[in-house]
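Within every chain, numbering begins at 1; the chains are lettered A, B, ... in the order of the sequence lines, protein sequences first and strands thereafter.
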Amino acid sequence: MAGQTDPHISLFSPQEIEFMAEDELVEILPNMKMDPLNFISGDFGRFVPMMATKVPLWLAVALKRRGKCTFRPPSWLSVDNLTQILEAERESPSTFQALPFSYVEIARLLFDHARDDIPDMYMVRSLVEDIRDVRLHKLETNLGSFQGTSAVKISNVSAMEVNLVRPFVRRALEAFYKHDKPEADVDRDARSSSRQPREANNEPRRPLRQR
Amino acid sequence: MAKYFDIDDILIEEEYVPVVFHKAANGVTIDPSAETNCVEQGSKVEVPFWLAQELHSRQAVSINLPACFNQKTRLEVQADAACVDLRSRCPYFYEFGCKLEPLVTDRTLGILLSTAFKIRYKETLTKVYTAAHITASKYLSFLTKEETNLYEAAHLSMAAFKKWRTGGPRFQRASILGRKRKDSSN
């Protein structure tokens, strides 16, 4: 129902989205020697100095904080690639460029914790922010073109962007669906015709008590 | 039945609709100021929607359109739907209209609702993502209940995202941690 009392019932908080993004694998260069770590999600390591290995982002951040490793920034997080993406985003008004599903969160975590490992950090950061703003604006313009479609396809939208518009879109689509159901007319005619033969006299009469 | 306990649904059905009685009804006090406690055939009264619906299904009354869907509103919606103060007319404009639609003879009601919603939806969208919350507050007072929910949903998620982006405390201390144990003897 569109008029739900709790408007944010199906919303993840941005912190939760960030938490989920921490499971993404990143490459690190350890500077210590350690046996493999065995987790439920898999085994990571073994850690040998200057031998690149892939670990979940949360583990990488924890190691980085203790000064046990350096990050290898993912290949998409380079000035060249980001400039290209930004241009492509600006050129096409309705399609989104392919970026990792949780690029906003990964970029943010890397900027927070691995400032010294990213070449041209300031450039990269402003590029990522530009891309995010352009995409958000594009997403909003796309939402404005809804005309009561019951299915919407927008590909390559990232986790944070989806989450940002989720409550709004859900409600809006519900309302659209309610207002222009094409079968509503048929349904209504069927209902009213079934109601017609029901005569008022058939109702069992209950004497009204005089007050 | 799924909406049986929904407070909004209950409030929608409390809205008054004008009805015309086809049958005389005895022993009812629908209008408290009436001299007799009976309703004559052909009399026009305003009753809550839930009552009108039941009476209509027994073909005792026919339902007319309430004032919030009158010609004046329609013209205003046609002129510029985004600026019509729908809340003061009926806070449950759309839901009420949807409930009324199968019961009244007017077939244009559904079109009115969907066009009004489509235009106002776009306006809400632009207001949410571009305008500041303070400047939008004047616009907010025009919105119906459903549109307000829509606006609030988008606004809350936007605010949460902005808060996350600008940082702030990354780790929250559980409220129970900093507290000292209280002496429970006194």
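A salt bridge between B:Glu54 and B:Arg58 is present, with a side-chain N of the basic residue lying under 4.0 Å from a carboxylate O of the acidic one. In summary, B:Asp85 and B:Arg89 do not engage in a salt bridge, as defined by a charged side-chain N under 4.0 Å from a carboxylate O.
For a residue to count as touching a neighbouring chain, one of its non-hydrogen atoms must lie under 4.5 Å from one of that chain's; by this rule B:Phe161 touches chain A with backbone and side chain alike. Heavy atoms of A:Ile17 lying under 4.5 Å from chain B are absent altogether. With a threshold of 4.5 angstrom between heavy atoms, B:Tyr92 does not approach chain A through any atom at all. Contact annotation for A:Val169: neither backbone nor side-chain heavy atoms come within less than 4.5 Å of a heavy atom of chain B.
For A:Glu24, there are no salt bridge (charged side-chain N to carboxylate O under 4.0 Å, His left out) partners at least two apart in sequence or on another chain.
A distance-only check finds no donor-acceptor pair linking the side chain of A:Asp112 to the backbone of A:Leu109 [under 3.5 Å].
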